[in-house]
Protein chains: 2
Amino acid sequence: MESDNYSLGARVFHTIRENILSGKYETDEELKEKTIGEELGVSRTPVREALRQLELEGLVTIIPNKGAYVVGISQKDIRDIYEIRSRLEGLCARWAASYITKDELDELDENIYLSDFHAAKGNAEQVVELDNRFHEILYNASHSRELKHVLLDFHHYVQRVRKITLADTQRALRSNEEHRQITEALRQHNEELAERLANEHMMNTIQNMDSYGWDNLFQERK
Amino acid sequence: MESDNYSLGARVFHTIRENILSGKYETDEELKEKTIGEELGVSRTPVREALRQLELEGLVTIIPNKGAYVVGISQKDIRDIYEIRSRLEGLCARWAASYITKDELDELDENIYLSDFHAAKGNAEQVVELDNRFHEILYNASHSRELKHVLLDFHHYVQRVRKITLADTQRALRSNEEHRQITEALRQHNEELAERLANEHMMNTIQNMDSYGWDNLFQERK
DNA sequence: ACATGCATAATTGTATACAATTATACCGTG
DNA sequence: CACGGTATAATTGTATACAATTATGCATGT
(Lines give C-alpha, C1' and ligand atoms only; values in the text may rest on other atoms or scores of the structure.)
Protein backbone atom coordinates (compact mmCIF):
# COMPACT_ATOMS: atom_id res chain seq x y z
CA MET A 1 0.00 0.00 0.00
CA GLU A 2 2.84 2.34 0.75
CA SER A 3 6.54 2.40 0.05
CA ASP A 4 9.23 1.70 2.64
CA ASN A 5 11.35 4.62 1.56
CA TYR A 6 10.68 6.46 4.78
CA SER A 7 12.84 8.52 7.00
CA LEU A 8 13.90 6.98 10.26
CA GLY A 9 11.43 9.00 12.28
CA ALA A 10 8.51 7.96 10.11
CA ARG A 11 9.52 4.32 10.40
CA VAL A 12 9.62 4.54 14.16
CA PHE A 13 6.12 5.99 14.07
CA HIS A 14 4.78 3.19 11.90
CA THR A 15 6.50 0.51 13.94
CA ILE A 16 5.05 1.69 17.23
CA ARG A 17 1.61 2.08 15.71
CA GLU A 18 1.79 -1.41 14.29
CA ASN A 19 2.83 -2.76 17.68
CA ILE A 20 -0.14 -1.10 19.33
CA LEU A 21 -2.68 -2.14 16.71
CA SER A 22 -1.36 -5.70 16.58
CA GLY A 23 -1.63 -5.97 20.32
CA LYS A 24 2.09 -6.36 20.96
CA TYR A 25 1.90 -3.44 23.33
CA GLU A 26 -0.89 -4.13 25.77
CA THR A 27 -3.62 -1.74 26.82
CA ASP A 28 -2.49 0.76 29.46
CA GLU A 29 1.11 -0.31 29.00
CA GLU A 30 3.55 2.51 29.63
CA LEU A 31 5.69 3.28 26.62
CA LYS A 32 9.04 4.58 27.82
CA GLU A 33 11.02 6.61 25.36
CA LYS A 34 14.34 5.13 26.38
CA THR A 35 13.16 1.51 26.26
CA ILE A 36 11.50 1.83 22.86
CA GLY A 37 14.47 3.72 21.54
CA GLU A 38 16.77 0.89 22.55
CA GLU A 39 14.41 -1.69 21.05
CA LEU A 40 14.43 0.11 17.73
CA GLY A 41 18.04 1.22 17.90
CA VAL A 42 17.35 4.94 17.87
CA SER A 43 17.59 7.77 20.35
CA ARG A 44 14.70 9.19 22.31
CA THR A 45 14.11 12.05 19.88
CA PRO A 46 12.34 10.19 17.06
CA VAL A 47 10.49 8.07 19.61
CA ARG A 48 9.15 11.19 21.30
CA GLU A 49 7.96 12.58 17.98
CA ALA A 50 6.23 9.32 17.17
CA LEU A 51 4.50 9.16 20.56
CA ARG A 52 3.23 12.72 20.15
CA GLN A 53 1.82 11.82 16.76
CA LEU A 54 0.22 8.66 18.08
CA GLU A 55 -1.47 10.69 20.79
CA LEU A 56 -3.09 12.78 18.07
CA GLU A 57 -4.31 9.59 16.44
CA GLY A 58 -5.80 8.57 19.74
CA LEU A 59 -3.65 5.47 20.12
CA VAL A 60 -1.77 6.65 23.20
CA THR A 61 -2.54 9.02 26.02
CA ILE A 62 0.24 11.26 27.20
CA ILE A 63 0.22 12.50 30.76
CA PRO A 64 2.64 15.44 30.93
CA ASN A 65 5.81 14.69 32.85
CA LYS A 66 4.59 11.17 33.48
CA GLY A 67 4.48 9.05 30.40
CA ALA A 68 2.71 7.68 27.37
CA TYR A 69 0.15 4.93 27.79
CA VAL A 70 -1.42 2.66 25.21
CA VAL A 71 -5.10 3.44 24.73
CA GLY A 72 -7.17 0.31 24.55
CA ILE A 73 -9.48 -0.25 21.62
CA SER A 74 -12.72 -1.64 22.96
CA GLN A 75 -15.31 -3.65 21.11
CA LYS A 76 -17.54 -0.60 21.19
CA ASP A 77 -14.81 1.49 19.58
CA ILE A 78 -14.64 -0.95 16.70
CA ARG A 79 -18.41 -0.99 16.29
CA ASP A 80 -18.53 2.79 16.39
CA ILE A 81 -15.81 3.09 13.81
CA TYR A 82 -17.63 0.78 11.45
CA GLU A 83 -20.84 2.73 11.91
CA ILE A 84 -18.94 5.98 11.28
CA ARG A 85 -17.32 4.40 8.27
CA SER A 86 -20.68 3.23 6.97
CA ARG A 87 -21.78 6.85 6.74
CA LEU A 88 -18.52 8.07 5.28
CA GLU A 89 -17.89 5.21 2.89
CA GLY A 90 -21.40 5.89 1.64
CA LEU A 91 -20.61 9.54 1.08
CA CYS A 92 -17.35 8.54 -0.56
CA ALA A 93 -19.07 6.16 -2.98
CA ARG A 94 -21.62 8.88 -3.78
CA TRP A 95 -18.92 11.31 -4.74
CA ALA A 96 -16.86 8.68 -6.51
CA ALA A 97 -19.87 7.87 -8.67
CA SER A 98 -19.46 11.27 -10.30
CA TYR A 99 -15.74 11.30 -10.77
CA ILE A 100 -14.68 7.70 -11.32
CA THR A 101 -12.76 6.99 -14.52
CA LYS A 102 -12.66 3.99 -16.78
CA ASP A 103 -9.14 3.15 -15.64
CA GLU A 104 -10.23 3.12 -12.03
CA LEU A 105 -13.23 0.93 -12.84
CA ASP A 106 -10.92 -1.46 -14.66
CA GLU A 107 -8.67 -1.68 -11.63
CA LEU A 108 -11.65 -2.31 -9.40
CA ASP A 109 -12.75 -5.17 -11.66
CA GLU A 110 -9.30 -6.68 -11.63
CA ASN A 111 -9.06 -6.17 -7.88
CA ILE A 112 -12.26 -8.14 -7.24
CA TYR A 113 -11.20 -10.85 -9.65
CA LEU A 114 -7.88 -11.31 -7.90
CA SER A 115 -9.48 -11.16 -4.48
CA ASP A 116 -11.88 -13.97 -5.39
CA PHE A 117 -8.89 -16.03 -6.40
CA HIS A 118 -6.94 -15.39 -3.22
CA ALA A 119 -9.99 -15.79 -1.00
CA ALA A 120 -10.65 -19.21 -2.48
CA LYS A 121 -7.01 -20.12 -1.89
CA GLY A 122 -7.18 -18.86 1.65
CA ASN A 123 -4.47 -16.24 1.15
CA ALA A 124 -5.73 -13.91 3.86
CA GLU A 125 -2.79 -11.54 3.57
CA GLN A 126 -3.45 -10.82 -0.10
CA VAL A 127 -7.18 -10.47 0.47
CA VAL A 128 -6.53 -7.76 3.05
CA GLU A 129 -4.10 -5.99 0.73
CA LEU A 130 -6.63 -6.04 -2.11
CA ASP A 131 -9.35 -4.80 0.22
CA ASN A 132 -7.04 -1.95 1.23
CA ARG A 133 -6.53 -1.11 -2.39
CA PHE A 134 -10.20 -1.37 -3.33
CA HIS A 135 -11.18 1.19 -0.76
CA GLU A 136 -8.20 3.37 -1.53
CA ILE A 137 -9.29 3.62 -5.16
CA LEU A 138 -12.70 4.79 -3.97
CA TYR A 139 -11.14 7.30 -1.63
CA ASN A 140 -9.13 8.75 -4.49
CA ALA A 141 -12.11 8.73 -6.81
CA SER A 142 -14.11 10.78 -4.31
CA HIS A 143 -11.80 13.66 -5.20
CA SER A 144 -12.00 14.83 -1.60
CA ARG A 145 -8.76 15.27 0.29
CA GLU A 146 -10.58 15.59 3.60
CA LEU A 147 -12.76 12.55 3.14
CA LYS A 148 -9.83 10.46 2.00
CA HIS A 149 -7.81 11.58 4.98
CA VAL A 150 -10.34 10.62 7.62
CA LEU A 151 -11.30 7.36 5.93
CA LEU A 152 -7.68 6.26 5.61
CA ASP A 153 -7.18 6.94 9.29
CA PHE A 154 -10.10 4.75 10.29
CA HIS A 155 -9.14 2.13 7.77
CA HIS A 156 -5.71 1.77 9.36
CA TYR A 157 -7.25 1.79 12.77
CA VAL A 158 -9.28 -1.36 12.21
CA GLN A 159 -6.66 -3.17 10.18
CA ARG A 160 -6.26 -5.78 12.86
CA VAL A 161 -9.94 -6.67 12.94
CA ARG A 162 -10.07 -6.79 9.16
CA LYS A 163 -7.21 -9.26 9.08
CA ILE A 164 -9.31 -11.60 11.19
CA THR A 165 -12.68 -11.21 9.51
CA LEU A 166 -11.28 -11.43 5.99
CA ALA A 167 -9.41 -14.60 6.90
CA ASP A 168 -12.80 -16.30 6.78
CA THR A 169 -13.28 -17.43 3.18
CA GLN A 170 -17.05 -17.14 3.26
CA ARG A 171 -16.96 -13.56 4.52
CA ALA A 172 -14.21 -12.63 2.07
CA LEU A 173 -16.21 -13.92 -0.88
CA ARG A 174 -19.33 -12.14 0.30
CA SER A 175 -17.31 -8.97 0.72
CA ASN A 176 -16.11 -9.33 -2.86
CA GLU A 177 -19.70 -9.72 -4.01
CA GLU A 178 -20.54 -6.46 -2.27
CA HIS A 179 -17.52 -4.82 -3.86
CA ARG A 180 -18.80 -6.01 -7.22
CA GLN A 181 -22.21 -4.44 -6.66
CA ILE A 182 -20.65 -1.16 -5.57
CA THR A 183 -18.43 -1.17 -8.64
CA GLU A 184 -21.47 -1.75 -10.83
CA ALA A 185 -23.28 1.20 -9.27
CA LEU A 186 -20.20 3.36 -9.83
CA ARG A 187 -20.03 2.27 -13.45
CA GLN A 188 -23.60 3.45 -13.90
CA HIS A 189 -22.76 6.68 -12.07
CA ASN A 190 -25.70 5.92 -9.81
CA GLU A 191 -24.92 8.06 -6.75
CA GLU A 192 -27.91 6.98 -4.71
CA LEU A 193 -27.29 3.29 -5.20
CA ALA A 194 -23.54 3.55 -4.70
CA GLU A 195 -24.00 5.32 -1.41
CA ARG A 196 -26.55 2.83 -0.15
CA LEU A 197 -24.46 -0.18 -1.15
CA ALA A 198 -21.26 1.15 0.38
CA ASN A 199 -23.21 1.99 3.49
CA GLU A 200 -24.62 -1.52 3.71
CA HIS A 201 -21.21 -3.00 2.99
CA MET A 202 -19.95 -1.62 6.28
CA MET A 203 -23.06 -2.52 8.24
CA ASN A 204 -22.80 -6.06 6.93
CA THR A 205 -19.28 -6.18 8.30
CA ILE A 206 -20.62 -5.30 11.73
CA GLN A 207 -23.23 -8.02 11.43
CA ASN A 208 -20.51 -10.42 10.41
CA MET A 209 -18.42 -9.50 13.43
CA ASP A 210 -21.48 -10.04 15.60
CA SER A 211 -22.00 -13.53 14.29
CA TYR A 212 -18.28 -14.24 14.35
CA GLY A 213 -18.27 -13.48 18.02
CA TRP A 214 -16.48 -10.53 19.48
CA ASP A 215 -14.68 -12.66 22.00
CA ASN A 216 -12.87 -14.40 19.17
CA LEU A 217 -11.91 -11.09 17.60
CA PHE A 218 -10.29 -10.03 20.81
CA GLN A 219 -8.93 -13.26 22.15
CA GLU A 220 -5.37 -12.59 21.04
CA ARG A 221 -5.30 -9.30 22.83
CA LYS A 222 -5.56 -10.45 26.40
CA MET B 1 -13.41 25.13 25.83
CA GLU B 2 -10.10 23.85 27.10
CA SER B 3 -7.74 24.85 29.87
CA ASP B 4 -4.49 26.69 29.33
CA ASN B 5 -2.57 24.51 31.71
CA TYR B 6 -0.57 22.99 28.90
CA SER B 7 3.02 21.99 28.61
CA LEU B 8 5.24 24.15 26.49
CA GLY B 9 5.24 21.68 23.64
CA ALA B 10 1.47 21.54 23.52
CA ARG B 11 1.26 25.31 23.51
CA VAL B 12 3.66 25.54 20.58
CA PHE B 13 1.47 23.07 18.73
CA HIS B 14 -1.68 25.06 19.36
CA THR B 15 -0.04 28.35 18.47
CA ILE B 16 1.23 27.13 15.13
CA ARG B 17 -2.11 25.54 14.33
CA GLU B 18 -3.90 28.73 15.20
CA ASN B 19 -1.52 30.69 12.98
CA ILE B 20 -2.23 28.37 10.09
CA LEU B 21 -6.00 28.31 10.54
CA SER B 22 -6.19 32.05 11.05
CA GLY B 23 -4.24 32.63 7.87
CA LYS B 24 -1.23 34.23 9.54
CA TYR B 25 0.94 31.65 7.84
CA GLU B 26 0.11 31.69 4.17
CA THR B 27 -0.55 28.71 1.97
CA ASP B 28 2.62 26.96 0.80
CA GLU B 29 4.69 29.05 3.18
CA GLU B 30 7.76 27.21 4.43
CA LEU B 31 7.79 26.84 8.19
CA LYS B 32 11.39 26.77 9.36
CA GLU B 33 12.02 25.22 12.74
CA LYS B 34 14.62 27.76 13.72
CA THR B 35 12.55 30.78 12.74
CA ILE B 36 9.39 29.60 14.50
CA GLY B 37 11.40 28.62 17.53
CA GLU B 38 12.81 32.11 17.78
CA GLU B 39 9.36 33.64 17.29
CA LEU B 40 7.95 31.60 20.13
CA GLY B 41 11.07 31.71 22.27
CA VAL B 42 11.71 27.99 22.29
CA SER B 43 14.24 25.65 20.78
CA ARG B 44 13.73 23.60 17.65
CA THR B 45 12.72 20.45 19.53
CA PRO B 46 9.15 21.36 20.51
CA VAL B 47 8.65 23.05 17.15
CA ARG B 48 9.63 19.89 15.35
CA GLU B 49 7.21 17.84 17.41
CA ALA B 50 4.42 20.30 16.68
CA LEU B 51 5.10 20.27 12.95
CA ARG B 52 5.07 16.48 12.89
CA GLN B 53 1.70 16.53 14.65
CA LEU B 54 0.32 19.14 12.31
CA GLU B 55 1.32 16.98 9.38
CA LEU B 56 -0.85 14.21 10.78
CA GLU B 57 -3.71 16.67 11.01
CA GLY B 58 -3.17 17.54 7.38
CA LEU B 59 -2.33 21.17 8.04
CA VAL B 60 1.26 20.97 6.84
CA THR B 61 3.12 18.78 4.38
CA ILE B 62 6.58 17.66 5.35
CA ILE B 63 9.08 16.86 2.63
CA PRO B 64 11.88 14.87 4.26
CA ASN B 65 15.15 16.77 4.54
CA LYS B 66 13.51 19.77 2.92
CA GLY B 67 10.93 21.42 5.07
CA ALA B 68 7.38 21.84 6.30
CA TYR B 69 4.89 23.68 4.13
CA VAL B 70 1.48 25.05 5.01
CA VAL B 71 -1.29 23.13 3.30
CA GLY B 72 -3.90 25.42 1.88
CA ILE B 73 -7.53 24.97 2.82
CA SER B 74 -9.59 25.43 -0.30
CA GLN B 75 -13.24 26.35 -0.54
CA LYS B 76 -13.93 22.79 -1.64
CA ASP B 77 -12.19 21.48 1.48
CA ILE B 78 -14.51 23.54 3.65
CA ARG B 79 -17.58 22.39 1.75
CA ASP B 80 -16.47 18.77 1.98
CA ILE B 81 -15.86 19.05 5.69
CA TYR B 82 -19.33 20.43 6.27
CA GLU B 83 -20.85 17.66 4.21
CA ILE B 84 -18.81 15.10 6.16
CA ARG B 85 -19.86 16.78 9.37
CA SER B 86 -23.50 16.74 8.32
CA ARG B 87 -23.34 12.95 8.20
CA LEU B 88 -21.39 12.63 11.44
CA GLU B 89 -23.23 15.29 13.44
CA GLY B 90 -26.38 13.44 12.40
CA LEU B 91 -24.99 10.17 13.71
CA CYS B 92 -23.84 11.96 16.83
CA ALA B 93 -27.29 13.40 17.51
CA ARG B 94 -28.84 9.99 16.94
CA TRP B 95 -26.62 8.42 19.54
CA ALA B 96 -26.94 11.35 21.90
CA ALA B 97 -30.73 10.97 21.77
CA SER B 98 -30.34 7.72 23.66
CA TYR B 99 -27.81 8.76 26.24
CA ILE B 100 -28.44 12.42 26.93
CA THR B 101 -29.11 13.35 30.55
CA LYS B 102 -31.31 15.99 32.10
CA ASP B 103 -28.27 17.97 33.20
CA GLU B 104 -26.96 18.05 29.67
CA LEU B 105 -30.33 19.12 28.31
CA ASP B 106 -30.42 21.89 30.89
CA GLU B 107 -27.02 23.10 29.77
CA LEU B 108 -28.13 23.03 26.14
CA ASP B 109 -31.17 25.16 27.03
CA GLU B 110 -29.02 27.64 28.88
CA ASN B 111 -26.48 27.62 26.07
CA ILE B 112 -29.09 28.57 23.48
CA TYR B 113 -30.56 31.22 25.74
CA LEU B 114 -27.19 32.83 26.26
CA SER B 115 -26.32 32.58 22.59
CA ASP B 116 -29.51 34.39 21.63
CA PHE B 117 -28.50 37.15 23.98
CA HIS B 118 -24.97 37.48 22.67
CA ALA B 119 -26.07 37.16 19.05
CA ALA B 120 -28.45 40.06 19.50
CA LYS B 121 -25.68 42.07 21.09
CA GLY B 122 -23.34 41.20 18.29
CA ASN B 123 -20.80 39.49 20.54
CA ALA B 124 -19.42 37.21 17.86
CA GLU B 125 -16.67 35.82 20.06
CA GLN B 126 -19.10 34.56 22.70
CA VAL B 127 -21.44 33.14 20.08
CA VAL B 128 -18.61 31.05 18.66
CA GLU B 129 -17.64 29.86 22.13
CA LEU B 130 -21.20 28.85 22.91
CA ASP B 131 -21.49 27.10 19.56
CA ASN B 132 -18.31 25.22 20.41
CA ARG B 133 -19.80 24.19 23.70
CA PHE B 134 -23.18 23.21 22.26
CA HIS B 135 -21.60 20.77 19.88
CA GLU B 136 -19.16 19.53 22.48
CA ILE B 137 -22.04 18.57 24.76
CA LEU B 138 -23.54 16.56 21.93
CA TYR B 139 -20.20 14.90 21.23
CA ASN B 140 -19.95 13.85 24.86
CA ALA B 141 -23.56 12.72 24.95
CA SER B 142 -22.94 10.42 21.99
CA HIS B 143 -20.85 8.31 24.36
CA SER B 144 -18.52 7.51 21.49
CA ARG B 145 -14.87 8.28 21.93
CA GLU B 146 -14.18 7.76 18.24
CA LEU B 147 -17.01 9.94 17.00
CA LYS B 148 -16.13 12.70 19.43
CA HIS B 149 -12.51 12.55 18.36
CA VAL B 150 -13.13 12.96 14.65
CA LEU B 151 -15.84 15.59 15.10
CA LEU B 152 -13.68 17.70 17.38
CA ASP B 153 -10.92 17.58 14.79
CA PHE B 154 -13.18 18.87 12.04
CA HIS B 155 -14.76 21.38 14.35
CA HIS B 156 -11.36 22.95 15.06
CA TYR B 157 -10.49 22.80 11.43
CA VAL B 158 -13.31 25.09 10.36
CA GLN B 159 -13.09 27.41 13.34
CA ARG B 160 -12.02 30.27 11.17
CA VAL B 161 -15.01 30.01 8.85
CA ARG B 162 -17.38 29.68 11.78
CA LYS B 163 -16.04 32.86 13.28
CA ILE B 164 -17.07 34.67 10.13
CA THR B 165 -20.47 33.10 9.51
CA LEU B 166 -21.56 33.37 13.14
CA ALA B 167 -20.58 37.03 13.19
CA ASP B 168 -23.71 37.59 11.09
CA THR B 169 -26.54 38.14 13.59
CA GLN B 170 -29.23 36.73 11.32
CA ARG B 171 -27.33 33.52 10.73
CA ALA B 172 -26.43 33.20 14.41
CA LEU B 173 -30.06 33.51 15.46
CA ARG B 174 -31.14 31.00 12.88
CA SER B 175 -28.41 28.65 14.03
CA ASN B 176 -29.74 28.99 17.57
CA GLU B 177 -33.22 28.13 16.35
CA GLU B 178 -31.83 24.98 14.77
CA HIS B 179 -30.03 24.19 18.00
CA ARG B 180 -33.32 24.58 19.81
CA GLN B 181 -35.05 22.12 17.51
CA ILE B 182 -32.24 19.60 17.89
CA THR B 183 -32.40 19.95 21.66
CA GLU B 184 -36.14 19.34 21.56
CA ALA B 185 -35.65 16.17 19.54
CA LEU B 186 -33.03 15.02 22.02
CA ARG B 187 -35.37 15.72 24.92
CA GLN B 188 -37.94 13.47 23.29
CA HIS B 189 -35.25 10.84 22.65
CA ASN B 190 -36.32 10.90 19.04
CA GLU B 191 -33.28 9.43 17.28
CA GLU B 192 -34.64 9.74 13.77
CA LEU B 193 -35.59 13.37 14.14
CA ALA B 194 -32.43 14.35 15.98
CA GLU B 195 -30.27 12.87 13.25
CA ARG B 196 -32.22 14.57 10.50
CA LEU B 197 -32.16 17.96 12.21
CA ALA B 198 -28.45 17.83 13.02
CA ASN B 199 -27.81 16.77 9.45
CA GLU B 200 -29.81 19.67 8.10
CA HIS B 201 -28.15 22.05 10.53
CA MET B 202 -24.85 21.47 8.78
CA MET B 203 -26.29 21.58 5.29
CA ASN B 204 -27.94 24.88 6.13
CA THR B 205 -24.55 26.19 7.08
CA ILE B 206 -23.25 25.31 3.65
CA GLN B 207 -26.21 27.06 2.07
CA ASN B 208 -25.51 30.05 4.23
CA MET B 209 -21.89 30.14 3.15
CA ASP B 210 -23.06 29.92 -0.45
CA SER B 211 -25.30 32.95 -0.05
CA TYR B 212 -22.71 34.76 2.02
CA GLY B 213 -20.29 34.44 -0.83
CA TRP B 214 -17.17 32.35 -0.66
CA ASP B 215 -14.99 35.17 -1.81
CA ASN B 216 -15.85 37.09 1.35
CA LEU B 217 -15.03 34.08 3.50
CA PHE B 218 -11.60 33.90 1.99
CA GLN B 219 -10.79 37.52 1.38
CA GLU B 220 -8.52 37.82 4.41
CA ARG B 221 -6.45 34.90 3.33
CA LYS B 222 -5.02 36.19 0.14
C1' DA C 1 4.38 -3.59 61.54
C1' DC C 2 3.17 0.62 59.32
C1' DA C 3 3.33 5.36 58.05
C1' DT C 4 6.23 9.36 56.98
C1' DG C 5 9.92 11.93 55.06
C1' DC C 6 14.00 12.43 52.72
C1' DA C 7 17.61 11.01 49.51
C1' DT C 8 18.28 8.77 45.27
C1' DA C 9 17.06 7.06 40.90
C1' DA C 10 14.36 7.07 36.81
C1' DT C 11 11.77 9.50 33.41
C1' DT C 12 10.20 13.23 30.84
C1' DG C 13 10.91 18.14 28.88
C1' DT C 14 13.90 21.22 26.61
C1' DA C 15 18.12 22.86 24.65
C1' DT C 16 22.18 22.13 22.28
C1' DA C 17 25.69 19.67 19.43
C1' DC C 18 26.82 17.21 15.57
C1' DA C 19 25.79 14.70 11.11
C1' DA C 20 23.46 14.53 6.73
C1' DT C 21 21.15 16.67 3.30
C1' DT C 22 19.75 20.49 0.54
C1' DA C 23 19.99 25.34 -0.99
C1' DT C 24 22.86 29.27 -2.39
C1' DA C 25 26.40 31.98 -4.22
C1' DC C 26 30.45 32.58 -6.45
C1' DC C 27 33.73 31.64 -9.96
C1' DG C 28 35.54 29.88 -14.13
C1' DT C 29 34.71 28.36 -18.79
C1' DG C 30 32.63 28.09 -23.22
C1' DC D 1 26.21 36.35 -21.05
C1' DA D 2 24.70 31.72 -20.02
C1' DC D 3 25.91 27.48 -18.00
C1' DG D 4 28.00 24.23 -14.64
C1' DG D 5 30.56 23.00 -10.85
C1' DT D 6 32.27 23.54 -6.45
C1' DA D 7 32.63 25.56 -1.98
C1' DT D 8 29.87 27.54 1.51
C1' DA D 9 25.86 28.30 4.05
C1' DA D 10 21.43 27.03 5.67
C1' DT D 11 18.27 23.59 7.10
C1' DT D 12 16.73 19.29 8.58
C1' DG D 13 17.62 14.68 11.12
C1' DT D 14 19.43 12.49 15.06
C1' DA D 15 21.90 12.06 19.30
C1' DT D 16 23.25 13.73 23.53
C1' DA D 17 23.39 16.85 27.61
C1' DC D 18 21.17 19.10 31.13
C1' DA D 19 16.96 20.68 33.79
C1' DA D 20 12.58 19.64 35.86
C1' DT D 21 9.49 16.49 37.46
C1' DT D 22 8.03 12.15 39.18
C1' DA D 23 8.83 7.52 41.04
C1' DT D 24 11.33 4.51 44.33
C1' DG D 25 13.40 2.80 48.33
C1' DC D 26 15.21 3.02 52.71
C1' DA D 27 15.67 4.72 57.24
C1' DT D 28 13.37 6.46 61.13
C1' DG D 29 9.95 7.06 64.48
C1' DT D 30 5.68 5.77 66.49
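Reminder, nothing fancy here: chain letters follow the sequence lines and each chain counts from 1. Below, each value reflects all heavy atoms present in this structure, side chains not excepted, and no hydrogens, waters or symmetry copies.
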| request: Heavy atoms under 4.0 Å is the rule here; annotate nucleotides 7-12 of chain D 5' to 3' with B where the base is hit, S where only the sugar-phosphate is, and - elsewhere. | output: ----SB
| For S43(A) and dA15(D), is the shortest distance between a side-chain N/O and OP1 or OP2 below 4.0 Å? | yes
| request: List in chain and number order the residues that pass ring pair (Phe, Tyr, Trp, His ring centres under 6.0 Å) with F134(A), two or more places apart in sequence or in another chain; answer none if no residue qualifies. | output: H179(A)
List the atom pairs, with distances to 0.1 Å, where a side-chain N or O of residues 144-151 of chain B and a protein N or O form a donor-acceptor pair under 3.5 Å, not counting sequence neighbours.
unit_1  : atom_1 : unit_2  : atom_2 : d
S144(B) : OG     : D80(A)  : OD2    : 2.7
S144(B) : OG     : L147(B) : N      : 3.2
R145(B) : NH2    : G72(A)  : O      : 2.9
R145(B) : NH2    : D77(A)  : OD2    : 2.4
K148(B) : NZ     : N140(B) : OD1    : 2.6
H149(B) : NE2    : L56(A)  : O      : 3.0

| task | Nearest whole angstrom, please: distance from the P of dA15(D) to the CD of E38(A). | result | 12 Å
| message | For Y113(A), give me all partners under ring pair (Phe, Tyr, Trp, His ring centres under 6.0 Å), at least two apart in sequence or on another chain. | response | none
| Nearest-Å distance for atom pair CD1/C1', residues I62(B) and dG13(D) | 12 Å
| task | Mind checking side chain to side chain contact (heavy atoms under 4.5 Å, CB included) for N19(B) and listing every partner two or more places apart, or none if nothing turns up? | result | T15(B), K24(B), Y25(B)
| Any residue meeting salt bridge (charged side-chain N to carboxylate O under 4.0 Å, His left out) with R171(A), in chain and number order, not counting sequence neighbours | E178(A)
